[in-house]
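I have placed the structure first, in the form of structure tokens, so that the comments after it can refer back to it.
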Amino acid sequence: MSAHHPIHPADPALLHLTARQLSELIVELRTEGREFGLLWPSAAPGETNLHGRRLINLGNIPASTVINLLALLREYKRHRDAHPRCSDS
């Protein structure tokens with residue numbers, strides 16, 4: 001998973017994700033995203049595949065959106081931690 005190479009919503013690998021794996025990704029996104037206000041308490045793994053896309057019950061977004069958001073958050077945090085701001089003191 002990389003922020004520079006997002007996963008396409010119709011990636012066949014997503015069809016093999018189990019409900020438990022999707023739940024773990026949602027929990028991870030909630031944990032990582034809390035700092036940025038990404039709080040989706042009603043998100044749950046969807047049982048729906050639409051045109052080859054595994055969906056999350058959060059307005060039926062593709063599972064790839066959750067994975068790509070996690071990648072972006074991780075990339076941002078890595079960059080932020082590697083280059084802390086200079087204090088204005």
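For clarity, every value in this text was computed on a predicted model and none was experimentally measured.
T31 contributes atom OG1, which lies 11.0 Å from atom CG of L73 (distance to the nearest 0.5 angstrom). To the nearest 0.5 angstrom, L69 atom CG is 11.0 Å from F36 atom CZ.
For the pair D11 and S64, the minimum side-chain heavy-atom distance is 4.5 Å or more. L17 is listed as a side-chain neighbour of I67, based on a closest heavy-atom distance under 4.5 Å.
In terms of hydrophobic clustering, with Ile, Leu, Val, Met, Phe, Trp and Tyr side chains grouped at heavy-atom distances under 4.5 Å, L22 and V27 are assigned to different clusters.
Side chain of N68 to backbone of I7: a donor-acceptor contact under 3.5 angstrom is found. Put simply, the side chain of E32 never gets that close to the backbone of L29: no donor and acceptor are under 3.5 Å apart.
A salt bridge links E35 with R80: at least one charged nitrogen is closer than 4.0 Å to a carboxylate oxygen.
Screening residues 13-25 for salt bridge (Lys or Arg N to Asp or Glu O under 4.0 Å), with sequence neighbours left out, gives R20-E24.
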